[in-house]
Amino acid sequence: MITLAMSLAVATAPALDTAPETKNGRFVSDVLYRFAECVAKRRSKDVIKVFETEPNSDAEMRALARAGRTDMDCPQLSPVGGLKVRIPVFVGSLSEAYYHRALRGKAAMLEPNEHLPEWPDDLSPSDPNFIWLNRRHFGWCLSFRDPSGVASLLETAPLSPDESAAINALGSTVKSCGREIKVSEVSRQELRASAAEGLVNRILHRDGVVAVETE
């Protein structure tokens, strides 16, 4: 778990985000996305560093801690003294903000790809990290199999009818990826966050290297 406050804490075993889809849930999403937009605009190198690390690695935890720090560039945005978010949702928020700032339109260059990238496979189902890491793998699968569908999803507002329609349009891909990655249930927020992460990584690493400028 990451806390966006004057001090930042990263838990070693983040749980799934279970924030209710309520007015309060919308408020938390808005605050988080405003922070992610600020980081993508003013500290883009911090965002790129996250995408250069392996999921669930110590390097990723360090990169997320740096991206999640509050400073004069991106001051604390929550009026309640700190905003706690799950790591997959934070990564997804950074991904979506960076996509809209620097990568919008580049998804059109991507072709559907049946071959998924290598993924950390040394976790057992009993490991507390297994569930959320599996959700992230699921989102990557969506972005490989249907990049244009994920791009369409990211053009919608969270919790809107358009978002629901975009998710429904991904229906067959959601089912096939769920079977392959062994994910039987995923929330709207998890799906959007992990799909955004996967799409940004596909764009940045199309040829095995970061494919866009970091400034």
Side-chain angles (χ1 to χ4, degrees), residues 1-5 7-17 32-33 35-71 73-74 82-99 101-103 116-144 150 154 177 181 183 186-187 189-212 214-215:
M1 179 181 291
I2 287 182
T3 302
L4 304 182
S7 60
L8 179 105
V10 179
T12 57
L16 287 175
D17 180 84
L32 174 60
Y33 192 71
F35 180 84
E37 282 183 317
C38 180
V39 175
K41 177 181 180 180
R42 300 187 180 182
R43 300 203 307 258
S44 61
K45 288 184 178 180
D46 287 352
V47 180
I48 288 291
K49 195 65 178 178
V50 173
F51 300 132
E52 292 176 341
T53 61
E54 180 179 334
N56 199 43
S57 66
D58 290 342
E60 183 183 53
M61 294 301 104
R62 290 192 297 271
L64 287 172
R66 182 172 178 80
R69 76 188 190 281
T70 55
D71 55 18
D73 285 337
C74 297
L83 178 64
K84 294 182 178 180
V85 295
R86 308 299 182 181
I87 284 177
V89 175
F90 183 48
V91 175
S93 296
L94 288 175
S95 300
E96 186 166 349
Y98 190 72
Y99 172 80
R101 174 150 188 88
L103 306 177
L116 299 184
E118 293 185 6
W119 196 256
D121 59 1
D122 56 347
L123 293 180
S124 71
S126 61
D127 191 298
N129 285 338
F130 179 84
I131 295 178
W132 70 265
L133 195 61
N134 226 32
R135 296 296 194 273
R136 292 173 70 182
H137 194 189
F138 168 77
W140 281 49
C141 179
L142 295 181
S143 72
F144 268 70
V150 172
L154 299 185
C177 286
I181 310 300
V183 171
V186 65
S187 73
Q189 189 179 39
E190 292 163 355
L191 188 152
R192 185 179 183 116
S194 60
E197 177 191 353
L199 186 64
V200 167
N201 271 280
R202 274 210 70 189
I203 294 170
L204 293 180
H205 301 284
R206 273 185 301 118
D207 303 312
V209 296
V210 175
V212 298
T214 61
E215 291 294 350

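Keep in mind the model is a prediction, meaning the values are calculated, not measured. The figures that follow rest on heavy atoms only: side chains count, while hydrogens, waters and symmetry mates do not.
The line from NZ of K49 to CD of E60 is 12.5 Å long, rounded to the nearest 0.5 Å. Note that CD of E37 and CD of E96 are 9.0 Å apart. Values are rounded to the nearest 0.5 Å. The distance from atom CZ of R202 to atom CD of E197, rounded to the nearest 0.5 Å, is 14.0 Å.
Of all heavy-atom pairs between L94 and A36, the closest is N-CB, 4.0 Å. Nearest heavy-atom pair, G92 versus A196, reported as atom, atom and distance to 0.1 Å: O-CB, 3.9 Å. Between S143 and G198, the shortest heavy-atom distance links the atoms OG-C, 3.1 Å. Between F90 and L64, the closest heavy-atom pair is CE2-O, 3.8 Å. Heavy atoms only, all atoms of each residue included: C141 and I181 are closest at CB-CG1, 4.3 Å. Summarising the geometry of L142 relative to C177, their closest heavy-atom pair is N-SG, 3.6 Å, with the distance given to 0.1 Å.
In summary, of the residues considered (R62, K41, R69), a salt bridge (Lys or Arg N to Asp or Glu O under 4.0 Å) with D46 occurs for R69 alone.
In this structure, E190 and R136 have side chains that are not in contact, with every pair of non-hydrogen atoms separated by 4.5 Å or more. Looking at T53 and M61, their side chains never come closer than 4.5 Å, going by heavy atoms from C-beta outward. Contact check for S93 versus V89: side-chain heavy atoms found under the 4.5 Å cut-off. Inter-residue side-chain proximity for I48 and L204 is flagged as met; some heavy-atom pair is nearer than 4.5 Å. Looking only at side-chain heavy atoms (C-beta outward), V39 and Y98 stay at 4.5 Å or farther from each other. Considering only heavy atoms from C-beta on, W140 stays 4.5 Å or farther from L199 through its side chain. Residues F51 and S95 meet the side-chain proximity criterion, which asks for heavy atoms closer than 4.5 Å.
Judged as a side-chain contact (heavy atoms from CB on, under 4.5 Å), and not counting sequence neighbours, A193 has no contacts.
Between the side chain of S44 and the backbone N or O of A40, no donor-acceptor pair lies under 3.5 Å.
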